[in-house]
Amino acid sequence: MPSTPLTTVPSLPSSRSFPSRIGCDANSGYHAVSRRYRLHLSLSCPDCLQIAVTHSLLGLEDTLPVVLLPAIPDRPDGGHSALHALYEASSHRHPGPAVAPVLSDSWTGRIVTTHSSHILRDLARHFGGDAQDRPLLYPQGAEKEIQAVERLCENRIDHAAQVAGQADIDEAARHTALGSLLRVLGSLEWRLAHQKFVLGDEMTAADVRLWVALVQLDTVHRLHLDVAAVHRIADHPHLWRYARRLAAHPAFGRHLDLNGIAHRHHNRCQGLEAAGAAVQILDWAVHIADSTAGEPVRAGTGGRTA
């Protein structure tokens, strides 16, 4: 099925440290061993949410434990106290905050990596296995398309929505950002009208990334947009039906910490809430009810292991 091209822009440089890989560096000693590593995640963080969904899709609950952190970091520098010892053991007097996500090595007590893209790919390639009931998140030959979707989500959805709702810039810049966002949503709407997932009829890592971007768009960025803009964003029925469908999937919905996302946003945000805040696109709590099997929407809890 032919589909419209996904135009990309250059990705932004990362300031994260600890770039080691599992199974990729012969000198590092980081081999794929069951229960050797731990993930430290705060589900209110979009990068952490993406990793948590991937971890569940791959069925790694017994292979790679997850330690859940609070929605809001408890240190003045924006870091987590629970991660401070790991950062110090890995980089003495580490200059930045102890932030999540973190993949740590229980054998050495040190951090392997804090790069979410490395974590995601290493989980799939070295721990995912080939079980019939697990999706092939990074199928052979699809890496460039997946990277294109990741860059679109980062720059043309996340960043564009943030700029479109930024009160302290001129109206022309906000209008341009909103136009860029709507064009991408329109392209995705066309694709999802003709196929089940972003890259075709099978779920890939691109769907995890896009779903997290849509969650952020409706639960965070919408709060700073006007009503007309939110209605234009909501006017993509196939796209939001796709978001609802994934929210009902156990690997997606059960990790959606709506209260934590709200608390994290209000703790970090310095902007003004706009009229669009009252126009919720999806009732996420209703749509994830089946995926949580009667459990309450989960809030991040420091020290809890999943």
Side-chain angles (χ1 to χ4, degrees), residues 6 8 11 39 41-61 63-64 66 68 100-101 103 113 115-129 131 133-158 161 184-185 187-188 191-192 195-221 238-258 260-261 282 284 287-288 291-292 298 306:
L6 293 172
T8 65
S11 58
L39 283 168
L41 306 175
S42 174
L43 297 180
S44 63
C45 162
D47 283 348
C48 292
L49 177 58
Q50 188 180 354
I51 292 168
V53 171
T54 299
H55 180 271
S56 289
L57 284 171
L58 296 173
L60 300 182
E61 289 80 4
T63 302
L64 206 163
V66 174
L68 295 181
L103 177 66
T113 185
H115 288 255
S116 59
S117 63
H118 291 179
I119 294 172
L120 290 164
R121 284 159 173 79
D122 288 350
L123 291 185
R125 292 170 178 166
H126 301 294
F127 292 102
D133 60 342
R134 297 174 188 170
L136 189 60
L137 296 179
Y138 294 90
Q140 187 174 3
E143 181 66 26
K144 288 185 178 179
E145 288 185 283
I146 291 171
Q147 288 178 343
V149 173
E150 290 172 341
R151 288 192 290 268
L152 278 175
C153 290
E154 180 180 357
N155 297 294
R156 301 280 301 281
I157 297 180
D158 296 340
V184 169
L185 296 184
S187 174
L188 292 166
R191 282 174 167 254
L192 292 167
Q195 57 197 37
K196 191 174 181 181
F197 296 105
V198 179
L199 300 186
D201 292 326
E202 299 294 334
M203 183 188 295
T204 68
D207 296 290
V208 182
R209 180 63 182 92
L210 175 58
W211 184 77
V212 171
L214 294 175
V215 168
Q216 287 291 111
L217 183 56
D218 192 21
T219 61
V220 174
H221 301 308
H238 293 98
L239 180 64
W240 292 106
R241 190 176 302 123
Y242 158 89
R244 279 200 309 270
R245 175 163 51 87
L246 291 185
H249 190 298
F252 288 77
R254 73 185 185 91
H255 296 298
L256 190 50
D257 178 10
L258 297 172
I261 290 172
L282 292 186
W284 296 93
H287 297 308
I288 66 177
S291 71
T292 57
R298 177 157 62 172

Taken in chain and number order and not counting sequence neighbours, the residues that satisfy side chain to side chain donor-acceptor pair (under 3.5 Å) with Gln216 are none
Set of side chain to side chain donor-acceptor pair (under 3.5 Å) partners for Arg121, sequence neighbours left out:
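Side chain to side chain donor-acceptor pair (under 3.5 Å) check on Arg121 returns Glu143, Glu150.
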With rounding to the nearest 0.5 Å, note down the distance linking [atom1] in [X] to [atom2] in [Y].
| X | Y | atom1 | atom2 | answer |
| --- | --- | --- | --- | --- |
| Leu123 | Leu57 | CG | CG | 11.0 Å |
| Leu152 | Leu188 | CG | CG | 7.0 Å |
| Gln147 | Ser117 | CD | OG | 8.5 Å |
| Cys48 | Asp257 | SG | CG | 11.5 Å |
| Leu49 | Leu256 | CG | CG | 6.5 Å |
| Leu58 | Phe127 | CG | CZ | 11.0 Å |

Asp218 side chain vs Leu282 backbone, donor-acceptor pair below 3.5 Å
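Confirmed, Asp218 side chain pairs with Leu282 backbone.
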Search all heavy atoms of [X] against all heavy atoms of [Y] and return the closest pair with its distance.
| X | Y | value |
| --- | --- | --- |
| Phe197 | Arg245 | CE2-NH1, 3.5 Å |
| Trp211 | Ala247 | NE1-N, 3.6 Å |
| Arg134 | Gly59 | NH2-O, 3.6 Å |

Walk me through it: do Leu214 and Leu239 pass the test side chain to side chain contact (heavy atoms under 4.5 Å, CB included)?
CA-CA 9 Å; Leu214 294 175; Leu239 180 64; 3.9 Å; yes
Step by step, work out the side chain to side chain contact (heavy atoms under 4.5 Å, CB included) result for Leu60 and Thr63.
CA-CA 5 Å; Leu60 300 182; Thr63 302; 4.3 Å; yes
Could you check whether the rings of His249 and Phe252 sit parallel, tilted or perpendicular, using 30° and 60° as the cut-offs?
perpendicular
Below 4.0 angstrom, N of the basic side chain to O of the carboxylate: do Glu61 and Arg254 qualify?
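Judged by the 4.0 Å cut-off on N to carboxylate O distance, Glu61 and Arg254 do form a salt bridge.
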Taking the basic N atoms (NZ, or NE/NH1/NH2) and the acidic carboxylate oxygens, is any pair closer than 4.0 Å for Lys196 and Asp207?
no
Given the options Asp47, Leu103, Leu41, Thr54, Ile119 meets side-chain contact (heavy atoms from CB on, under 4.5 Å) only with Leu103
If you apply the rule side chain to side chain contact (heavy atoms under 4.5 Å, CB included), what do you find for Leu120 with Gln50, and how did you get there?
CA-CA 8 Å; Leu120 290 164; Gln50 188 180 354; 3.3 Å; yes
Under a 4.5 Å cut-off applied to non-hydrogen side-chain atoms, are [X] and [Y] in contact?
| X | Y | value |
| --- | --- | --- |
| Arg209 | Val198 | no |
| Thr204 | Pro135 | no |
| Leu217 | Trp240 | yes |

Does His55 form a side chain to side chain contact (heavy atoms under 4.5 Å, CB included) with Val66? I'd like the steps, not just the answer.
CA-CA 9 Å; His55 180 271; Val66 174; 3.6 Å; yes
